[in-house]
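Comments concern the structure below.
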Amino acid sequence: MKRPFPLAVAQLGPIHLRDSKAAVVARLIELLKEAHARHAHFVVFPELALTTFFPRYWMTDEAEIDRYFEASMPNADVQPLFDLARQYGIGFYLGYAELTPERERFNTSIIVDRQGHIVGRYRKVHLPGHDDHKPAAPFQHLEKKYFQVGNEGFKVWDTMDTRMGMCICNDRRWPETFRVMGLQSAEVVVLGYNTPSHNIHWSEPPHLRMFHHLLLLQAHAHENALWVGAAAKCGAEDGFHMIAGSAIVSPTGEVVAQSASEEDELIFHHCDLALGDTFRQHVFNFAKHRRPEHYQLIVDRVGAGKPLG
Ligand code: ING
């Protein structure tokens with residue numbers, strides 16, 4: 001029996017240093033209106049969806065850094081988005097930089113349900129990049145400097161008649177992310193990402209950024225019988241380019257919707273949650289087929305070590 005979950009993914013084009021949060025929220029609202037027109041029940045916005053990807057810049061002044069963070073959620077800047085989403089009865093995922101009252105800083109996302117309640121919060125676990133200044137590099141990638149490692153793990157929430165998990169950007173490169181949510185019986189995982197096109201460590205062929213992005217979404221969706229919705233913030237932010245490729249991926253591993261631009265763009269799919277059931281009952285029936293007694297290294301070791309043989 002079909003279990004419909006009309007899902008939209010709202011891709012954002014560039015957010016420049018000069019763009020105000022109010023101007024960005026107005027763009028998010030336009031995308032929300034389009035999601036409403038498509039009769040979506042949920043829409044995924046990107047990682048750090050309210051500001052430019054500021055970890056590309058070396059900053060030392062605390063007040064300057066704080067400008068990119070939200071001290072409360074919701075707040076005056078984003079309230080119009082929350083209000084309209086509740087009016088439409090559309091839930092959403094939103095990525096933003098979180099500053100806690102104790103002045104901890106996280107790369108954070110939330111799931112808001114169709115009644116406008118924040119049902120879940122996630123703080124990014126896999127922080128890529130570096131924490132030192134690399135003046136010779138064309139841009140920095142200072143997530144390890146500006147954010148602390150997420151301290152709330154990977155959770156899954158019973159909400160909107162499904163079980164939904166979430167993660168952020170680099171998390172999608174690590175199989176453990178999706179397996180831990182699959183083991184909590186997730187049916188849908190949503191995420192946002194900001195992925196620079198240029199690799200500062202070696203001269204990587206450009207096509208590989210998009211190839212790896214889609215390869216990982218498709219593999220992790222299929223091996224955990226998940227629907228995956230991934231929203232890019234993309235295009236050239238003050239000249240620094242990030243890939244697009246926003247996508248909705250089925251538990252079969254097939255990309256069923258993908259963005260065609262590097263601008264604000266909504267993609268949509270009438271997901272049927274029942275499609276994951278057959279994979280969970282058969283080929284990826286974890287209880288029947290997994291052998292954790294042989295996986296101990298995955299937890300015991302951080303880095304690669306000596307062979308066991
Ligand atoms: N961005 C990138 C990502 O994981 C990256 C960083 C790109 C790491 C390519 C490795 C290879 O998509 C964020 N924000 O995590």
Side-chain angles (χ1 to χ4, degrees), residues 7-32 34-35 42-57 67-70 73 77-78 81 92-98 106-112 122-124 126-129 139-143 146-147 166-173 189-199 206 209-210 212-214 216-217 228-248 257-268:
L7 176 65
V9 165
Q11 174 176 287
L12 273 179
I15 297 178
H16 305 296
L17 284 166
R18 65 179 177 278
D19 293 331
S20 68
K21 284 184 187 171
V24 173
V25 170
R27 289 166 58 186
L28 297 176
I29 283 173
E30 285 311 303
L31 289 159
L32 179 68
E34 199 176 334
F42 193 86
V43 60
V44 188
F45 292 114
E47 169 190 30
L48 296 175
L50 302 175
T51 66
T52 196
F53 186 69
F54 63 89
R56 71 165 66 91
Y57 302 110
R67 284 210 331 263
Y68 295 98
F69 284 77
E70 309 303 321
M73 185 52 68
D77 285 318
V78 297
L81 178 71
F92 62 93
Y93 164 108
L94 182 70
Y96 63 95
E98 177 194 7
F106 296 101
N107 188 341
T108 296
S109 61
I110 53 173
I111 288 171
V112 180
Y122 169 72
R123 291 166 168 170
K124 188 173 181 179
H126 296 102
L127 297 173
F139 52 87
Q140 312 296 302
H141 197 114
L142 293 162
E143 293 192 59
Y146 296 131
F147 304 120
M166 60 178 150
C167 63
I168 300 175
C169 202
N170 193 259
D171 291 318
R172 77 189 184 290
R173 300 181 189 279
V189 169
V190 291
L191 64 114
Y193 61 96
N194 289 216
T195 300
S197 312
H198 180 71
N199 184 325
R209 284 276 143 132
M210 186 61 74
H212 291 151
H213 158 66
L214 293 172
L216 292 159
L217 292 183
V228 172
K233 173 147 67 68
C234 57
E237 294 191 327
D238 296 296
F240 297 96
H241 189 266
M242 299 192 291
I243 66 167
S246 300
I248 298 172
Q258 186 172 331
S259 64
S261 75
E262 295 186 340
E263 297 298 332
D264 295 6
E265 178 181 345
L266 194 92
I267 60 175
F268 174 84

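Side chains of C234 and Q11 form a contact here, defined as non-hydrogen atoms less than 4.5 Å apart. Counting heavy atoms from C-beta outward, I15 and R27 have side chains that approach closer than 4.5 Å. A 4.5 Å side-chain heavy-atom check between V43 and L266 finds at least one atom pair inside the cut-off. Looking at K124 and T108, their side chains never come closer than 4.5 Å, going by heavy atoms from C-beta outward. In this structure, the side chains of R209 and M242 stay at 4.5 Å or more apart for every pair of heavy atoms. Side-chain contact between V190 and V228 is absent, with no heavy-atom pair separated by less than 4.5 Å. Side-chain contact between L94 and V112 is absent, with no heavy-atom pair separated by less than 4.5 Å. In this structure, the side chains of E47 and K233 stay at 4.5 Å or more apart for every pair of heavy atoms.
Between Y68 and F54, the ring planes lie parallel to each other; the angle is under 30°, not in the 30° to 60° tilted range.
Of all heavy-atom pairs spanning A49 and L12, the tightest one is O-CD1, 3.5 Å. Looking at every heavy atom in both residues, D77 comes nearest to V25 through O-CG2, 3.4 Å. Of all the heavy atoms in V189 and C167, the pair that sits closest is CG1-SG, 4.2 Å. The two residues L50 and K21 have their closest heavy-atom pair at O-CG, 3.7 Å. The shortest non-hydrogen separation linking P46 to A10 is CD-O, 3.4 Å. Minimum heavy-atom separation, L191 to C169: CD1-N, 4.3 Å.
No donor-acceptor pair under 3.5 Å is formed between the side chain of R56 and the backbone N or O of L142. Of the possible polar contacts, one joining the H16 side chain to the D238 backbone as a donor-acceptor pair under 3.5 Å is found. In terms of modelled atom types and a separation under 3.5 Å, the side chain of N194 and the main chain of F53 share no donor-acceptor contact.
For F42, the ring-ring contact (aromatic ring centres under 6.0 Å, His included) criterion is met by no residue, not counting sequence neighbours. Applying the ring-ring contact (aromatic ring centres under 6.0 Å, His included) rule to F45 yields no partners; only residues at least two apart in sequence or on another chain are considered. Legend: residues meeting ring-ring contact (aromatic ring centres under 6.0 Å, His included) with F106, ordered by chain and number and at least two apart, are absent.
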In sequence, state the C-alpha distance, the side-chain angles, and the governing distance for F92 and L31, and then conclude on side-chain contact (heavy atoms from CB on, under 4.5 Å). CA-CA 11 Å; F92 62 93; L31 289 159; over 6 Å; no

Hey, mind stepping through F240 and H198 against side-chain contact (heavy atoms from CB on, under 4.5 Å) and telling me if it holds? CA-CA 9 Å; F240 297 96; H198 180 71; over 6 Å; no

Check step by step if side-chain contact (heavy atoms from CB on, under 4.5 Å) holds for L48 and N107. CA-CA 7 Å; L48 296 175; N107 188 341; 3.7 Å; yes

Apply side-chain contact (heavy atoms from CB on, under 4.5 Å) to E98 and F69, showing your working. CA-CA 5 Å; E98 177 194 7; F69 284 77; 5.6 Å; no

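Of the inter-residue distances, the one linking L214 atom CG with R172 atom CZ reads 9.0 Å to the nearest 0.5 angstrom. In this structure, CG on L127 lies 13.5 Å from OH on Y146, to the nearest 0.5 angstrom. Once rounded to the nearest 0.5 Å, the distance linking CG of N199 with OG of S197 reads 11.0 Å. Rounding to the nearest 0.5 Å gives a distance of 10.0 Å between OH of Y93 and CD1 of I110. Atom-to-atom distance recorded for M210:CE and T195:OG1 is 9.0 Å, nearest 0.5 angstrom. Once rounded to the nearest 0.5 Å, the distance linking CZ of F147 with CZ of R123 reads 12.5 Å.
At a cut-off of 3.5 Å, with distance as the only test, no side-chain donor of E265 or S259 sits close to an acceptor on the other residue. D171 and H126 are linked by a side-chain donor-acceptor pair at a separation below 3.5 angstrom, with hydrogens and angles left out of the test.
Aromatic pair H213/Y193: centroids less than 6.0 angstrom apart.
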